[in-house]
K.L.:
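Dumping the structure here so I can ask a few things about it.
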Amino acid sequence: MSLTFDPLYQKYPSRRTAIYARGGMVNCSSPLAAAAGLELLRRGGNAMDAAVAAAAALTVVEPTANGLGSDAFALVWSEREQKLFGLNASGPAPRLASAEAVLADGKDRNGKMPTHGWTPVTVPGAPGAWAALSRRFGRLPLTAALSPAVSYAREGYPCAPHLAQAWQQAFESYRARLTEPCFRAWFDTFAPDGRAPEAGDLIRLPDHADSLQAIGESGAEDFYRGSLARKIDAASRQYGGYLRYEDLDAFSPQWVEPLRVGYRGFEVCEIPPNGQGIVALMALNILKEFDFPEKDSPLTVHRQIEALKMAFADAFACVTDPSDMTVDPAVLLDPAYGARRAAQMGERARIWTSQVPPSSGTVYLCCADGEGNMVSYIQSNYMGFGSGIVVGGTGIALQNRGADFSLDPAAANVLRPGKRSYHTIIPGFLMQNGLPVGPFGVMGGYMQPQGHVQVVMNCVDFHLDPQQALDAPRFQWLRDGRVIVESRFDAEIARALRRRGHDLSVELSSAPFGRGQMIVRRPNGVLIGGTENRTDSNIACF
């Protein structure tokens with residue numbers, strides 16, 4: 001059984017239809033980044049080269065969500081090796097960072113980790129991910145993969161509408177920090193004219209270009225063990241941060257075995273913890289116990305919401321750095337455990353947890369080439385521009401992934417030196433009978449596993465093509481107990497969910513519901529791609 005859908009049937013109004021191609025495809029949240037990936041394919045590179053090119057370009061053309069200081073994860077299907085590989089390039093907390101140190105130094109915010117400044121900065125993993133992917137699978141040099149990004153940064157590119165909106169929102173939120181010395185470099189880099197760029201403005205990031213070039217020429221060594229590492233160290237010391245050269249020097253991405261859950265004849269694959277992909281798998285492991293004859297049903301959405309609430313409750317109790325986990329992920333994905341959780345589900349909403357997630361900023365992309373290689377890749381600064389810290393003269397905007405650490409010594413995700421935090425960014429991959437069906441992903445903090453569940457079920461249960469699976473109106477359960485739905489969401493279903501006890505409201509903006517991409521490969525090698533209408537996204541193919 002393969003994925004089945006009618007290519008002419010559009011259940012949801014959209015400006016886009018699924019794209020069909022044969023030679024290769026790059027789907028991501030920026031047309032310029034998609035073009036960068038396609039350029040590598042046309043120059044003889046493979047899907048892995050294209051993924052690195054698009055990822056590097058995204059740090060330039062979408063700095064509102066990712067940068068040179070991001071973390072990254074990837075799922076990579078190698079046609080030559082006939083195997084799916086996982087790459088965890090999330091960096092650990094600095095060796096000087098601990099819950100005790102943050103509290104003793106008075107750097108906490110009412111007993112919690114701060115979201116901005118140097119304190120929540122952990123070791124960036126994205127440059128290491130690019131080098132690792134290029135070294136293990138790439139056909140072209142890393143310098144070639146990064147060259148489109150270098151050109152965009154040095155020569156300039158026009159600001160797109162969604163990018164301008166996100167940039168303006170960030171500028172307004174940072175405006176109050178203008179007089180704080182550690183944030184000065186952010187304004188010098190991203191608001192040199194004293195304002196955020198508007199749609200159509202030409203953006204140049206010359207320091208970013210120089211850093212990209214150094215990363216490419218050194219295979220990322222300069223970032224972790226060279227001049228860039230020393231500049232990061234010096235800036236951290238100057239402004240009271242915990243990150244040091246030794247932390248960067250000790251970092252290397254990890255190749256990991258993907259987690260898998262069987263779902264109606266397919267395998268859904270995710271990166272294992274410290275990522276939250278296990279949340280999507282746990283939810284699907286529960287949902288496969290039910291039949292879903294129709295998508296637009298209050299009972300269908302109710303069960304999706306409740307399964308995700310159960311999965312989040314379990315994940316937040318135990319998911320963290322694998323070395324600190326007390327529960328084997330296999331236990332959480334055991335079919336018997338999923339059946340037991342399904343049996344607990346009632347007809348009405350139930351409160352399973354009360355934690356509230358912060359907002360987020362992430363980019364996702366997927367690539368495929370004509371040889372059969374496929375990549376699901378995601379990288380993030382976490383909350384928009386991340387920590388708000390830019391290392392002067394480098395263009396390196398540092399993520400704030402450490403904001404997710406707890407300062408409670410009893411918590412599973414408590415901050416400890418060298419520990420990796422619970423991580424929200426997750427690439428997804430669909431398999432069948434040991435062969436690839438295709439990569440997919442949805443950006444947006446804690447929306448991501450919820451988006452993965454909705455997209456997978458749209459394809460597998462309800463036979464929607466990749467574009468329609470992404471276009472379908474979404475819900476998001478928030479950890480304060482509320483459920484929000486898009487304005488396009490069926491009003492009668494929304495009212496029925498309220499009658500079942502869900503605290504539901506309509507969200508007028510599409511931003512909270514993520515931005516996704518997907519590629520499906522047919523047995524004959526034809527690629528079918530979809531990409532979000534919720535962003536400046538694009539598909540480049542041939």
K.L.:
Could you walk me through whether Glu257 and Lys83 pass the salt bridge (charged side-chain N to carboxylate O under 4.0 Å, His left out) test, one step at a time?
P.N.:
CA-CA 10 Å; Glu257 183 64 30; Lys83 180 176 171 61; 3.3 Å; yes
K.L.:
Where the side chain of Ser218 meets the backbone of Ala214, is there a donor-acceptor pair that is under 3.5 Å apart?
P.N.:
yes
K.L.:
If you compare all heavy atoms of Ala229 against all heavy atoms of Phe223, which two are closest, and at what distance to 0.1 Å?
P.N.:
CB-O, 3.3 Å
K.L.:
Run the ring-ring contact (aromatic ring centres under 6.0 Å, His included) check on His423 and Phe73 step by step: do they pass?
P.N.:
CA-CA 10 Å; His423 222 293; Phe73 294 88; 5.0 Å; yes
K.L.:
For His208, does its backbone N or O pair with a side-chain atom of Ser211 as donor and acceptor, under 3.5 Å?
P.N.:
no
K.L.:
Do Asn88 and Asn274 pair up side chain to side chain, a donor and an acceptor below 3.5 Å, judged on atom types alone?
P.N.:
yes
K.L.:
Which heavy atom in Pro273 sits nearest to a heavy atom in Met325, and how many Å separate them?
P.N.:
CB-SD, 3.5 Å
K.L.:
Between Trp186 and Phe385, does the ring-ring contact (aromatic ring centres under 6.0 Å, His included) criterion hold? Intermediate values first, please.
P.N.:
CA-CA 9 Å; Trp186 186 91; Phe385 277 95; 5.1 Å; yes
K.L.:
Counting N and O atoms only, with roles assigned by atom type, does the side chain of Asp369 sit under 3.5 Å from a partner on the main chain of Gly372, one being a donor and the other an acceptor?
P.N.:
yes
K.L.:
Say whether, by atom type as modelled, one donor and one acceptor occur between the side chain of Gln379 and the main chain of Ala55 under 3.5 angstrom.
P.N.:
yes
K.L.:
Going by heavy atoms in the side chains, are Val121 and Tyr242 under 4.5 Å from each other?
P.N.:
no
K.L.:
Assess whether a salt bridge exists between Arg521 and Glu79, defined as any Lys/Arg side-chain N lying under 4.0 Å from an Asp/Glu carboxylate O.
P.N.:
no
K.L.:
With Tyr364, which of Ser376, Ser380, Ser29, Cys28 fulfils side-chain contact (heavy atoms from CB on, under 4.5 Å)?
P.N.:
Ser376
K.L.:
Looking at every non-hydrogen atom in both residues, tell me the closest pair between Leu430 and Phe440 and how far apart they are.
P.N.:
N-CE2, 4.0 Å
K.L.:
If I compare all heavy atoms of Ser78 with all of Met48, which pair ends up nearest, and what's the gap?
P.N.:
CA-CE, 4.2 Å
K.L.:
Between Thr122 and Ser421, is a side-chain contact (heavy atoms from CB on, under 4.5 Å) present by the stated rule, with each step listed?
P.N.:
CA-CA 9 Å; Thr122 56; Ser421 173; over 6 Å; no
K.L.:
Using 4.0 Å as the upper bound for N to carboxylate O, is an ion pair formed by Asp324 and Arg416?
P.N.:
yes
K.L.:
Please walk me through it: do Leu133 and Tyr377 pass side-chain contact (heavy atoms from CB on, under 4.5 Å)?
P.N.:
CA-CA 11 Å; Leu133 285 168; Tyr377 181 97; 3.8 Å; yes
K.L.:
If you compare all heavy atoms of Val453 against all heavy atoms of Ala283, which two are closest, and at what distance to 0.1 Å?
P.N.:
CG2-CB, 3.9 Å
K.L.:
Measuring from atom OG of Ser90 to atom CD1 of Ile425, what distance do you get when rounded to the nearest 0.5 angstrom?
P.N.:
8.0 Å
K.L.:
Check whether any side-chain N or O of Asn381 sits under 3.5 Å from a backbone N or O of Pro63 as a donor-acceptor pair, and report yes or no.
P.N.:
no
K.L.:
Is any NZ, NE, NH1 or NH2 atom of the basic residue among Glu306 and Arg341 found under 4.0 Å from an Asp or Glu carboxylate oxygen of the other?
P.N.:
no
K.L.:
Quick one: closest heavy-atom pair of Tyr245 and Gly226, and the distance?
P.N.:
CE1-O, 4.2 Å
K.L.:
Just one of Asp404, Thr115, Thr424 clears the side chain to side chain donor-acceptor pair (under 3.5 Å) bar with Tyr382, so which one?
P.N.:
Asp404
K.L.:
Going from CG on Leu140 to CG on Leu146, what distance comes out if it is rounded to the nearest 0.5 angstrom?
P.N.:
12.0 Å
K.L.:
Are side-chain N/O atoms of Glu217 and Thr143 paired as donor and acceptor at under 3.5 Å?
P.N.:
no
K.L.:
Using modelled atom types only, decide if a donor and an acceptor are shared between the side chain of Asn413 and the backbone of Tyr422 within a distance under 3.5 Å.
P.N.:
yes
K.L.:
More than 12 heavy atoms of other residues, nucleotides or ligands under 6.0 Å from NZ of Lys112: yes or no?
P.N.:
no
K.L.:
I need the Arg139 CZ to Asn373 CG distance, nearest 0.5 Å.
P.N.:
7.5 Å
K.L.:
Distance only, no hydrogens: is a donor on one side chain within 3.5 Å (strictly under) of an acceptor on the other, for Asp408 and Ser406?
P.N.:
no
K.L.:
If you apply the rule side-chain hydrogen bond (donor to acceptor under 3.5 Å, both in side chains), what do you find for Glu371 with Asn46, and how did you get there?
P.N.:
CA-CA 8 Å; Glu371 303 168 23; Asn46 57 23; 5.8 Å; no
K.L.:
Hey, could you give me the CZ/CD1 distance between Arg244 and Ile232, rounded to the nearest 0.5 Å?
P.N.:
12.5 Å
K.L.:
Would you say Ser70's side chain and Gly67's backbone share a donor-acceptor pair under 3.5 angstrom?
P.N.:
yes
K.L.:
Is the backbone N or O of Gly445 less than 3.5 Å from a side-chain atom of Gln276, with the two atoms forming a donor-acceptor pair by type?
P.N.:
yes
K.L.:
From Phe292 CZ over to Gln304 CD, what is the distance, rounded to the nearest 0.5 angstrom?
P.N.:
6.5 Å
K.L.:
Pair Val460, Leu3 - check side-chain contact (heavy atoms from CB on, under 4.5 Å), show working.
P.N.:
CA-CA 6 Å; Val460 175; Leu3 289 178; 3.9 Å; yes
K.L.:
For Gln476 and Pro512, indicate whether the former's side chain and the latter's backbone hold a donor-acceptor pair under 3.5 Å.
P.N.:
yes
K.L.:
Just verifying a value: how many Å separate Tyr337 OH and Leu333 CG, rounded to the nearest 0.5 Å?
P.N.:
10.0 Å
K.L.:
Please report the C-alpha distance between Leu248 and Asp233 in whole Å, then the side-chain angles of each, then the deciding distance to 0.1 Å, and finally whether the side-chain contact (heavy atoms from CB on, under 4.5 Å) criterion is met.
P.N.:
CA-CA 9 Å; Leu248 297 162; Asp233 175 279; 5.6 Å; no
K.L.:
Do side-chain atoms of Asp71 reach the backbone of Gly91 as a donor and acceptor pair under 3.5 angstrom?
P.N.:
yes
